[in-house]
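Since this is a predicted model, take the numbers as computed values, not measurements. Every chain is numbered from 1 and lettered A, B, ... according to where its sequence line falls, protein lines coming before strand lines.
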Amino acid sequence: DAGVIQSPRHEVTEMGQEVTLRCKPISGHNSLFWYRQTMMRGLELLIYFNNNVPIDDSGMPEDRFSAKMPNASFSTLKIQPSEPRDSAVYFCASSLAYAGGTDTQYFGPGTRLTVL
Amino acid sequence: AQTVTQSQPEMSVQEAETVTLSCTYDTSESNYYLFWYKQPPSRQMILVIRQEAYKQQNATENRFSVNFQKAAKSFSLKISDSQLGDTAMYFCAFVTYNFNKFYFGSGTKLNVKP
């Protein structure tokens, strides 16, 4: 079975440019999570969706960040305009949530973003 | 508030020896799952082991086992017969039944020495 798919795997851009990260969750999973990982701040939850609806976006750093999930098989995380401090590894993860519980969260390979 | 604490930023162990990584958590919920994830230098997050809080029996996966103490809110990971491939960052995490949000600790970097 295909795991969580993220693209691109690496992205290098210049400050001020728009960056779009993409994620395809595991088929059948109904929850999707976006994380950011840096040496300084560790693993941070940015936003998560249940059944394509954003549930908690309190981790989104600022208005420059936005995330969408137009359908159950696709999500995007957009940064506009990008800044050097956005440089990090961005992970997408998915899980199956059901009444009374939730299953294991599975991570994609991550996108390493470098903003010059 | 839900929190996860890993008090050991870095640990070392000799190949073939046993090492235990500590994790404590805080939640007012009574039903939850606990996890240990491994992140090797490749940066891929890999599930190591999972424990349901309602189960008293500690989970085991080959060389990996946990010591789950619910009253103490402690969830340690024991790695037996350590191998060089176990070198990685290890994250403790939990998720409650009522909220589908995962809480992660800050990680423990494990170095397995030959």
Side-chain angles (χ1 to χ4, degrees), chain A residues 3-6 9-10 23 25-26 29-60 69 87-114, chain B residues 1-10 21 23 25 27 29-55 59 61 64 66 75 77 88-110:
Chain A
V4 177
I5 299 172
Q6 291 187 248
R9 293 293 304 276
H10 302 274
C23 175
I26 291 173
H29 282 189
N30 56 4
S31 295
L32 184 139
F33 306 77
W34 282 102
Y35 292 90
R36 177 172 69 175
Q37 187 178 37
T38 61
M39 289 293 293
M40 292 297 294
R41 302 174 69 92
L43 191 66
E44 303 173 275
L45 176 66
L46 300 178
I47 185 171
Y48 78 97
F49 297 82
N50 277 356
N51 296 314
N52 312 336
V53 176
I55 302 300
D56 184 349
D57 65 354
S58 59
M60 296 287 263
M69 192 165 186
S87 297
V89 178
Y90 290 80
F91 287 100
C92 177
S94 71
S95 69
L96 176 63
Y98 48 89
T102 189
D103 207 338
T104 303
Q105 191 171 103
Y106 294 91
F107 284 76
T111 295
R112 180 183 290 276
L113 173 66
T114 303
Chain B
Q2 328 273 7
T3 59
V4 181
T5 302
Q6 293 180 251
S7 58
Q8 304 151 314
E10 190 164 355
L21 309 183
C23 172
Y25 59 94
T27 180
E29 301 285 327
S30 57
N31 295 315
Y32 47 89
Y33 295 100
L34 295 151
F35 306 87
W36 279 98
Y37 284 88
K38 167 185 175 180
Q39 187 179 39
S42 67
R43 289 196 172 272
Q44 176 72 54
M45 292 283 279
I46 302 165
L47 175 70
V48 175
I49 200 165
R50 157 191 162 128
Q51 172 84 42
E52 288 91 341
Y54 68 87
K55 288 187 177 179
E61 287 288 341
F64 299 87
V66 300
F75 183 61
L77 175 69
M89 183 75 84
Y90 287 81
F91 292 93
C92 175
F94 82 91
V95 61
T96 64
Y97 282 23
N98 290 331
F99 302 98
N100 193 29
K101 183 174 181 177
F102 283 68
Y103 295 88
F104 283 84
S106 55
T108 295
K109 185 177 180 181
L110 177 66

### Message
Which residues in residues 42-50 of chain A have any heavy atom closer than 4.5 Å to a heavy atom of chain B?
### Response
A:Leu43, A:Leu45, A:Tyr48, A:Asn50

### Message
Quick check for you: to the nearest 0.5 Å, what is the distance between A:Tyr35 atom OH and B:Met45 atom CE?
### Response
8.0 Å

### Task
Among B:Phe35, B:Phe91, B:Phe102, single out the residue with the greatest number of heavy-atom pairs under 4.5 Å to chain A.
B:Phe102

### Non-hydrogen side-chain atoms of A:Asp56 and B:Lys101 separated by less than 4.5 Å
yes

### Task
Can you tell which part of B:Glu52 gets under 4.5 Å to a heavy atom of chain A, answering side chain, backbone, both or neither?
neither

### Task
Quick one: pull up CD1 in B:Ile46 and CZ in A:Phe107 and give me the separation to the nearest 0.5 Å.
11.5 Å

### Message
Are A:Gln37 and B:Phe104 packed together at the side-chain level, in the sense that at least one heavy-atom pair is separated by less than 4.5 angstrom?
### Response
no

### Heavy-atom proximity to chain A below 4.5 Å, by part of B:Tyr103
neither

### Message
I'd like to check the ring pair (Phe, Tyr, Trp, His ring centres under 6.0 Å) partners of B:Tyr25; sequence neighbours left out, ordered by chain and number.
### Response
B:Tyr32, B:Phe94

### Summary
So, the part of B:Arg43 with a heavy atom under 4.5 Å from chain A: the answer is both

### Message
Need one label for A:Arg112: side chain, backbone, both or neither, based on atoms under 4.5 Å from any heavy atom in chain B.
### Response
side chain

